[in-house]
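Report on the structure given below.
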Protein chains: 2
Amino acid sequence: MRIGELSARTGASRRSLRYYEEQGLLVSSRSPGGQRHYEDEHVQRVRLVQAFLAAGVPSGTLVEMVPCMAEPSEGRARQALEIMDRERARLSEDIDGLVAARDALDRLIEDNRAYLTRSADREV
Amino acid sequence: MRIGELSARTGASRRSLRYYEEQGLLVSSRSPGGQRHYEDEHVQRVRLVQAFLAAGVPSGTLVEMVPCMAEPSEGRARQALEIMDRERARLSEDIDGLVAARDALDRLIEDNRAYLTRSADREV
DNA sequence: CTAAACGCTCACATCGATGTCAGGGTCAAG
DNA sequence: CTTGACCCTGACATCGATGTGAGCGTTTAG
């Protein structure tokens, strides 16, 4: 498939797909005329990249992780594991931060609701 | 306290504190000479702002939420609740996304570990 | 062969929170 | 009054992923 179809299937813009390639996160074969061609499997790869990018994993870090998934090379595997573990820790921290923020928000909501309830009571 | 101390106590840079004020997220009284002065309670406010900003809540949205916490006004309270609920949903979605990414990462780590284990076996 | 739809590269723009620098006040201790 | 530490405003820079537009080539259906 060409870039338009991959874009349609993944929701990533053509621009983003070219960017992923530029960053080394995605490969493509080229037609004689220079147009990118992809296989079905690339759909999954793009989804993976999207998930990590959306999770705040910088593309530079992805470069060290994802290719290693496609072709785990003896030497790099160990190094990649370190990076992945580190990134996993960062993700967990981020999750904790978000959960804490949500908890704080819940308290605000609760306060606000209580305020409204009291207002309503006074009106009765 | 002046801005330097508030910065030291919260970890937010002086620049950020001024930015929060500029955005309407933080108030300060001014000395005759124009310097900002804060009370102890502002430490908590800054921490709250930091938590939400770190969680990806845009300052514009915070403006609609946080002030309402300080001074819940009859009319705005209901509107603020809507915004808070909406933002809470967004936070939950983000959390789900991060958790999904972490799960995907766990699978990659597992694959990688399995690969390394097989390598080690062959060496024996 | 032609036109429409699609793709290519290059380059500049965007957003939000923060960093950084310049030029110039303020405050407190001596 | 002076000095050193602190603060002020304003402006420009940064980062990363993506948007956008120009100018031009490719592919494919008719």
Side-chain angles (χ1 to χ4, degrees), chain A residues 1-39 42 45-66 83 87 90-91 94 97-98 101, chain B residues 1-39 42 45-66 83 87 90-91 94 97-98 101:
Chain A
M1 81 193 86
R2 287 186 293 171
I3 201 172
E5 188 178 344
L6 184 59
S7 169
R9 282 216 220 164
T10 60
S13 69
R14 281 159 263 252
R15 175 70 173 89
S16 293
L17 293 175
R18 296 197 190 100
Y19 176 75
Y20 298 163
E21 177 168 333
E22 185 184 313
Q23 300 301 307
L25 296 173
L26 185 61
V27 289
S28 66
S29 52
R30 298 296 187 109
S31 76
Q35 302 196 346
R36 291 171 177 82
H37 283 259
Y38 303 95
E39 305 306 317
H42 289 102
R45 165 64 68 103
V46 170
R47 296 229 172 91
L48 197 60
V49 168
Q50 284 179 304
F52 283 133
L53 285 184
V57 179
S59 64
T61 304
L62 264 190
V63 167
E64 309 176 280
M65 292 172 24
V66 177
I83 295 170
E87 205 56 28
R90 204 192 52 75
L91 269 181
D94 286 359
L98 286 199
Chain B
M1 82 193 84
R2 288 185 293 171
I3 201 174
E5 189 178 344
L6 184 59
S7 169
R9 281 215 220 163
T10 60
S13 70
R14 281 159 264 253
R15 175 68 172 89
S16 293
L17 294 175
R18 297 197 190 99
Y19 176 74
Y20 299 164
E21 178 168 333
E22 184 184 314
Q23 299 302 306
L25 296 173
L26 186 61
V27 289
S28 66
S29 52
R30 299 296 186 109
S31 76
Q35 302 196 348
R36 291 170 177 82
H37 283 259
Y38 303 96
E39 305 305 317
H42 289 100
R45 165 62 68 101
V46 170
R47 295 229 171 90
L48 197 61
V49 169
Q50 283 180 304
F52 283 132
L53 285 184
V57 178
S59 64
T61 304
L62 265 190
V63 168
E64 309 176 280
M65 292 173 23
V66 177
I83 295 170
E87 205 56 27
R90 204 194 53 74
L91 268 181
D94 286 358
L98 286 200

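Everything quoted here is computed from the prediction, not taken from an experiment. In what follows, chains carry the letters A, B, and so on, assigned in the order in which the sequence lines appear, proteins first and then strands, with residues in each chain numbered from 1.
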Got a salt bridge between B:R9 and B:E5, using NZ or NE/NH1/NH2 to carboxylate O under 4.0 Å?
->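 Yes, this pair counts.
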State whether B:R30 and B:E21 are salt-bridged, where the test is any N-O pair (Lys NZ or Arg NE/NH1/NH2 against Asp/Glu carboxylate O) under 4.0 Å.
->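 Salt bridge between B:R30 and B:E21, a charged N being under 4.0 Å from a carboxylate O: yes.
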Would you kindly give the [atom1]-to-[atom2] distance between [X] and [N], to the nearest whole Å?
X     : N      : atom1 : atom2 : answer
A:L25 : D:dA17 : CG    : P     : 9 Å
A:H37 : C:dC6  : NE2   : C1'   : 11 Å
A:L6  : C:dC6  : CG    : C1'   : 15 Å
A:Y20 : D:dA17 : OH    : P     : 9 Å
B:R30 : C:dC27 : CZ    : P     : 12 Å
A:I3  : C:dC6  : CD1   : C1'   : 11 Å
A:E22 : D:dG16 : CD    : C1'   : 12 Å
B:R14 : D:dA5  : CZ    : P     : 13 Å

Measuring from atom [atom1] of [X] to atom [atom2] of [Y], what distance do you get when rounded to the nearest 0.5 angstrom?
X     : Y     : atom1 : atom2 : value
B:L6  : B:M1  : CG    : CE    : 5.5 Å
A:Y20 : A:L62 : OH    : CG    : 9.5 Å
A:I3  : A:S28 : CD1   : OG    : 8.0 Å

NA contact type, A:R36, heavy-atom cut-off 4.0 Å: base, sugar-phosphate, or nothing?
->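 Result for A:R36 = sugar-phosphate.
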Below the 4.0 Å mark, does [N] have OP1 or OP2 next to a side-chain nitrogen or oxygen of [X]?
X     : N      : answer
A:S16 : D:dT18 : yes
A:S13 : D:dT18 : no
A:S31 : D:dT27 : yes
A:R15 : D:dT20 : no

If you pin A:V57 and B:Q35 to their nearest nucleotides in DNA chain D, which one's is more 5'?
->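 Result: B:Q35.
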Nearest nucleotide by nearest heavy atom, which residue falls closer to the 5' end of DNA chain C, A:G33 or B:G60?
->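 By nearest-heavy-atom nucleotide position, the 5'-most residue is A:G33.
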Below 4.5 Å, heavy atoms only, C-beta onward: do A:Y38 and A:L26 meet side chain to side chain?
->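 Touching, per the 4.5 Å side-chain cut-off.
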Would you check if the side chain of B:S7 reaches a backbone N or O of B:A12 as a donor-acceptor pair within less than 3.5 Å?
->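 Present.
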Quick check: does any side chain N or O of B:Q50 sit under 3.5 Å from a backbone N or O of B:T10, one acting as donor and the other as acceptor?
->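 Between the backbone of B:T10 and the side chain of B:Q50 there is a qualifying donor-acceptor contact (under 3.5 Å).
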At how many degrees, to 10°, do the end axes of the helix from C:dC1-D:dG30 to C:dG30-D:dC1 meet when each uses five pairs?
->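 Terminal axis comparison yields 0°.
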What's the closest nucleotide to the A:R18 side chain, out of D:dC8, C:dC27, C:dT9?
->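 In terms of side-chain proximity for A:R18, the closest of D:dC8, C:dC27, C:dT9 is C:dT9.
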Among the nucleotides C:dT18, D:dT26, D:dA17, which one has an atom lying closest to any side-chain atom of A:Y19?
->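 For A:Y19, the side-chain atoms sit closest to D:dA17.
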Less than 3.5 Å between a donor and an acceptor, one on the side chain of A:R2 and one on the base of D:dT27, is that the case here?
->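 Result: no qualifying N/O pair found.
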